[in-house]
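Read the structure below first, then the notes.
Hydrogens, waters and symmetry mates are skipped; everything else that's a heavy atom, side chains included, is used.
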Amino acid sequence: MNRKALVLPALMGLLAPVLAACGTTPGAPDGGNAIVVGTTDRFVVDSGSPAPFDPAFAYDTGAEGEALESGEIDMMARAVSPEQIRDLREHPKDGVELSEVPGLEIRYLGFNTDHPSVEDKAVRQAMASVVDRGEIVSNVYGATAEPLHSLIPTSITGHTNAFFERYGEPDRRRAARVLDEVGVATPEKLTLHCTTDHYGSGTAKEFAALRDQLNATDLSDVTVKGTDWSECRPAQKRGDYAVYGLGWFPDFPDPDNYIAPFLDEDNFLNTPYVSTAARNQLIPESRRKADRSAAALPFARLRDIVATDVPVLPLWQGKQHVAARSDVNGVEWTLNASSDLQLWELERGTA
């Protein structure tokens, strides 16, 4: 029986048992040459019962890349590393095709605005003045990302480059002036917290680059501390971290889904930051507009609030790449405008 696995991230884990049941069983018309979906489990469809495997397989992009080239798996989605994309572009592999689709994922720095080291928004504004997003994207993520100057990414209605409009190109003198005006002593000690196992291998390089950029100004004395996601996320929500890095992927492609989770009551970050105008006026006003383009004014004010107070600092937005064997058809339709996986679009064809 010719079984193959399509490796996807863990968000498909809840659907995987159902999808596994759609695999080929002995005696099927296609002779067992079906696409079987695996996430944190690798499914072997013999008697209809999935067999677990080492979850590291699903997150080790190097191992997945080798498995894709060998034909052990059929497709990689949302797990293709920058190095793999560069390699596939510069050195195409026989039987493997790379596709780029619009991305909705964003990454950002978040701040515990009650923490003494960053409670003064001048400190956060100074960081916004010197972070070089372009350098991070170019040196760390390459073709998989682009700089982001707003919580709302470029592919979503309501996007503007609010942070660039306010802070412009990275400028140490502007940052020093902002800190001097409020009497912040420099260099200020800060620790950037990040997860070591949730967003991929690029996170460590990204935070090293951020550290180096901030320290190069002589206005900050920054260190980086990485922890497992199981420890990092609860600590962030408790308010243990002054500055931390997280990612966001929306439930649906609407500007509200990039604003409310960070500014509304009971938000995703459990942040102490409160903008009364955002919570009581602008977010409710934007939601009353069925025509989302008609909500441009409240979203413009919300973007300005974020860029001024800097409760979060947008860094980059992702581009999604899918690598698949040449005999898998429908890859271009697998991710829709919401970046939802449409696995029913896949079928076995001819290479």
task = Indicate whether any N or O donor in one side chain lies under 3.5 Å from an N or O acceptor in the other, for Glu188 and Ser117.
result =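 Distance-only check fails for Glu188 and Ser117.
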Cation over ring face, Arg233 and Phe268, 6.0 Å, 45° =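 Yes, Arg233 lies over the aromatic ring of Phe268.
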Can you give me the closest heavy-atom contact between [X] and [Y], atom names plus distance?
X: Ile305; Y: Ala277; value: CD1-CB, 4.4 Å
X: Trp229; Y: Pro234; value: O-CD, 3.8 Å
X: Arg279; Y: Tyr273; value: NH2-O, 3.4 Å
X: Leu179; Y: Ala122; value: CD2-O, 3.8 Å

request  = Indicate yes or no: at least one non-hydrogen side-chain atom of Val224 is less than 4.5 angstrom from one of Cys194.
outcome  =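 Counting from C-beta outward, Val224 and Cys194 do come under 4.5 Å.
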message = With a 4.5 Å cut-off on side-chain heavy atoms, are Thr203 and Thr196 touching?
response =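 Contact flag for Thr196/Thr203 side chains = no.
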ask   = What residues form a ring pair (Phe, Tyr, Trp, His ring centres under 6.0 Å) with His159, not counting sequence neighbours?
value =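 For His159 there are no ring pair (Phe, Tyr, Trp, His ring centres under 6.0 Å) partners, ignoring immediate neighbours.
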message = If the threshold is 4.0 Å, N to carboxylate O, is there a salt bridge linking Asp309 and Lys121?
response =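 Counted as a salt bridge, because a side-chain N and a carboxylate O are separated by less than 4.0 Å.
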message = Between Arg325 and Asp327 (salt bridge meaning N to carboxylate O under 4.0 Å), is one present in this structure?
response =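 Between Asp327 and Arg325 there is no salt bridge, as every charged N stays at least 4.0 Å from the carboxylate O atoms.
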ask   = Any salt bridge (Lys or Arg N to Asp or Glu O under 4.0 Å) pairs touching residues 296-307, not counting sequence neighbours?
value =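 The answer is none; no pair qualifies.
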